[in-house]
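What follows is a single structure, written as structure tokens, with notes after it.
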Amino acid sequence: QVRVAESGGGSVQAGGSLRLSCTTSSYTYKGKCMAWFRQVPGKEREGVAAINTGGGMTYYADSLKGRFTISRDNAKNTVYLEMNSLKPEDTAMYYCVARISTDVPACLALGAFGLWGQGTQVTVSP
């Protein structure tokens, strides 16, 4: 049974936008810090953005600030990643993770802890 499910990936031209969604069960979602990571084959997984349980605190990878926005709708057990001004180097598999963490930067730390989804592919063409 999949408890974390990403959606919204696809192919887009450079400069375009996509919005990814991550939906979980209530049990998985409540009280969890939620984060997005991305990974290109052959490279280490990279933290993208994280958001605390209430949605009032967010944290981003420095290189992505200003282009990506993370948000959550607690009534829908869903986290979003709005991606604007996409570049070919944003091409990756994007993963959502639910983590127990009261520290939002720590929620974006590398490591396998947390409950991960299976990912959604984002491809940005020049």
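Values in this document were obtained by computation on a predicted structure and should not be read as measured data.
Follow the hydrophobic side-chain contacts under 4.5 Å out from Val4 and you never reach Val122; the two are in separate clusters. A continuous path of ILVMFWY side-chain contacts below 4.5 Å connects Val97 to Val104, so both sit in one hydrophobic cluster. Taken together through direct or relayed side-chain contacts under 4.5 Å among Ile, Leu, Val, Met, Phe, Trp and Tyr, Met57 and Leu108 form part of one hydrophobic cluster. Hydrophobic clustering places Leu20 together with Tyr60 (ILVMFWY residues linked when any side-chain heavy atoms are closer than 4.5 Å, directly or through intermediates).
Nearest heavy atom pair, residue Trp116 against residue Arg99, reads CZ2-NH2, 3.6 Å. In terms of heavy atoms, Met34 sits closest to Cys96 at CE-SG, 3.7 Å. Taking both residues in full, the closest heavy atoms of Leu110 and Phe37 are given as CD2-CE2, 4.3 Å, listed atom of the first, atom of the second, then distance. The shortest non-hydrogen separation linking Cys33 to Ala50 is SG-CB, 4.4 Å. Minimum interatomic distance between Lys32 and Tyr27 (heavy atoms only, all atoms of both residues): NZ-O, 3.5 Å. Between Val40 and Thr91, the closest heavy-atom pair is CG2-O, 3.3 Å.
Note that Arg72 lies in the cation-pi zone of Tyr29, set by a 6.0 Å cut-off to the ring centre and a 45° limit from the axis. Geometric assessment of Arg45 against the ring of Tyr95 yields a positive cation-pi assignment under the 6.0 Å and 45° thresholds.
Judged by distance alone, the side chains of Ser26 and Asn77 do bring a donor and an acceptor atom under 3.5 Å apart.
Residue Glu89 places its CD atom among more than 12 non-hydrogen atoms of other residues, nucleotides or ligands, all under 6.0 Å distant.
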Evaluate Ser7 against Thr120 for side-chain contact (heavy atoms from CB on, under 4.5 Å), listing each step before the verdict.
CA-CA 6 Å; Ser7 62; Thr120 186; 5.6 Å; no

Determine, stepwise, if the pair Thr69 / Tyr80 fulfils side-chain contact (heavy atoms from CB on, under 4.5 Å).
CA-CA 8 Å; Thr69 302; Tyr80 303 100; over 6 Å; no

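A donor-acceptor pair under 3.5 Å is absent between the side-chain atoms of Gln13 and the main chain of Ser125, judged by distance alone. With hydrogens and angles ignored, the 3.5 Å screen pairs a side-chain donor or acceptor of Glu6 with a backbone N or O of Gln118.
The side-chain heavy atoms of Ser63 and Glu46, taken from C-beta on, include a pair separated by under 4.5 Å. Within the 4.5 Å cutoff, the side chain of Leu86 has heavy atoms near those of the Leu18 side chain. Looking only at side-chain heavy atoms (C-beta outward), Asn84 and Phe68 stay at 4.5 Å or farther from each other. Taking 4.5 Å as the limit, some side-chain heavy atom of Met83 sits within range of a side-chain heavy atom of Tyr94. Side-chain atoms of Leu64 and Arg38, non-hydrogen and from C-beta on, do get closer than 4.5 Å to each other. Side-chain contact check for Arg67 versus Asp90: some heavy-atom pair is nearer than 4.5 Å. Leu115 has its side chain within reach of Arg3: a pair of non-hydrogen atoms, C-beta onward, lies under 4.5 Å apart. Counting only heavy atoms from C-beta outward, the side chains of Glu82 and Ser71 never approach each other to under 4.5 Å.
Interatomic distance, Thr24 OG1 to Lys30 NZ, rounded to the nearest 0.5 Å: 9.0 Å. In this structure, Tyr59 OH and Asn52 CG are separated by 14.5 Å, a value rounded to the nearest 0.5 Å.
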